[in-house]
Protein chains: 2
Amino acid sequence: MQYQQFKHCGLNVALNMLSGKWKPIILYHLFHQQEMRFTELWRIIPKVAKKVLLEHLKQMEAHELIIREEKHTFPPEVYYRLSERGKALGPALSALELWANEYAADEVTELKQRKKVTA
Amino acid sequence: MQYQQFKHCGLNVALNMLSGKWKPIILYHLFHQQEMRFTELWRIIPKVAKKVLLEHLKQMEAHELIIREEKHTFPPEVYYRLSERGKALGPALSALELWANEYAADEVTELKQRKKVTA
DNA sequence: TGAACAGGTTACCAAAAGGTAAACTTCTTT
DNA sequence: AAAGAAGTTTACCTTTTGGTAACCTGTTCA
């Protein structure tokens with residue numbers, strides 16, 4: 001067997017930073033759109049509570065995955081975008097996505113259908 | 001930017017299957033040792049409660065990441081090993097590990113030190 | 001007879017994660 | 001003066017996750 005080159009320390013650190021119900025979607029959008037405003041994210045993500053979205057963004061900022069930029073215009077505008085550290089996650093996230101589609105395709109399509117039904 | 005080839009559905013499925021306090025360690029040991037008995041895992045992982053370890057193993061079995069094999073000897077022996085789906089996670093886990101060591105090295109070493117101190 | 005062992009269950013509890021709804025701030029627009 | 005907008009905070013509640021400790025099952029061995 002190859003691919004045994006992981007220890008659980010690094011893995012734990014990475015998974016901790018990714019754990020949170022809405023973080024995959026947040027990352028997804030930031031990877032595809034460069035930068036987004038708070039309300040834009042809030043509107044685009046199905047049913048997050050403002051408070052929860054904010055908590056997630058704060059955590060991700062604390063983990064230095066994203067960068068928060070506040071423009072002191074009025075009404076204030078706050079932009080979020082990926083940091084270098086965040087961008088560097090790309091390959092790993094692609095690898096997970098690839099695995100899900102190759103080896104857990106049933107669960108993926110199941111999830112998509114559940115979303116169609118409920119949304 | 002490259003590496004944008006992920007949607008959040010597959011990513012969600014993958015991260016859900018990996019979420020659980022002790023799953024990284026469990027995977028780590030199964031990747032390195034082929035198969036392990038329940039008690040062996042229980043003893044090797046610092047401070048898991050039997051109940052919790054069992055819950056994690058059951059979830060992973062339900063997700064078809066691992067395979068449970070019971071031998072009806074006495075005292076009974078139960079072996080856990082990776083399924084094909086589980087083994088296929090290797091590259092993605094390596095990628096996460098790699099990322100953690102390259103881009104979040106400080107958190108990784110911090111975690112290692114905390115373990116030394118408390119264990 | 002009864003302790004010991006491996007794997008598992010039960011009842012019960014504490015902490016963390018996620019959610020709802022309302023209010024606050026600071027300015028602009030009407 | 002009143003209403004509105006963007007981002008944030010507060011108080012409160014429910015669900016999920018992780019944890020403790022005792023107990024059960026069958027067989028082997030002293």
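Please read all numbers here as calculations on a predicted model, not as lab measurements. Below, all heavy atoms of this structure are taken into account, side chains as well, without hydrogens, waters or symmetry copies. All chains are named by letter (A, B, ...) in the order of the sequence lines, taking the proteins before the strands, and each is independently numbered beginning at 1.
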Spacing of A:Trp42 atom CH2 relative to D:dA6 atom P, expressed in whole Å: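 One finds 10 Å between P of D:dA6 and CH2 of A:Trp42, rounded.
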Between P on D:dG7 and NE2 on A:His72, what's the gap in Å once rounded to a whole number?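 Roughly 13 Å, once rounded to whole Å.
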Backbone N/O of B:His63 and side chain of B:Arg85: donor-acceptor pair under 3.5 Å: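 Answer holds: yes.
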Between B:Arg43 and B:Lys58, which is nearer to the 5' end of DNA chain C once each is assigned its nearest nucleotide?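 Closest to the 5' end, via its nearest nucleotide, is B:Arg43.
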Does [X] reach a base, just sugar-phosphate, or nothing at all? Heavy atoms under 4.0 Å.
X: B:Glu77; answer: sugar-phosphate
X: A:Tyr80; answer: sugar-phosphate
X: A:Lys71; answer: nothing

Is the count of non-hydrogen atoms from other residues, nucleotides or ligands lying under 6.0 Å from A:Tyr103 atom OH greater than 12?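 Not more than 12 within 6.0 Å, no.
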Looking at B:Glu84 and B:Lys87, is any side-chain nitrogen of the basic one under 4.0 Å from a carboxylate oxygen of the acidic one?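 Salt bridge flag = yes for B:Glu84 with B:Lys87.
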So does A:Arg37 get a side-chain nitrogen or oxygen closer than 4.0 Å to the phosphate oxygens (OP1/OP2) of D:dG7?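 Looking at the OP1 and OP2 atoms of D:dG7, one of them is under 4.0 Å from a side-chain N or O of A:Arg37.
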Name all residues meeting the side-chain hydrogen bond (donor to acceptor under 3.5 Å, both in side chains) criterion together with A:Gln33; count only those two or more places apart in sequence or in a different chain, and write none if there are none.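 Scan of A:Gln33 (side-chain hydrogen bond (donor to acceptor under 3.5 Å, both in side chains), adjacent residues dropped) gives none.
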Give the B/S/- string for nucleotides 16-30 of chain D, one per nucleotide from 5' to 3', where a protein heavy atom under 4.0 Å of the base yields B, of only the sugar-phosphate yields S, and otherwise -. --SBB------S---
Is the shortest heavy-atom distance from the side chain of B:Leu15 to the side chain of A:Leu15 under 4.5 Å?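 A side-chain contact exists here, since the closest heavy-atom pair is under 4.5 Å.
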Minimum side-chain heavy-atom gap B:Phe38-B:Leu54 below 4.5 Å: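 B:Phe38 reaches B:Leu54 side chain to side chain.
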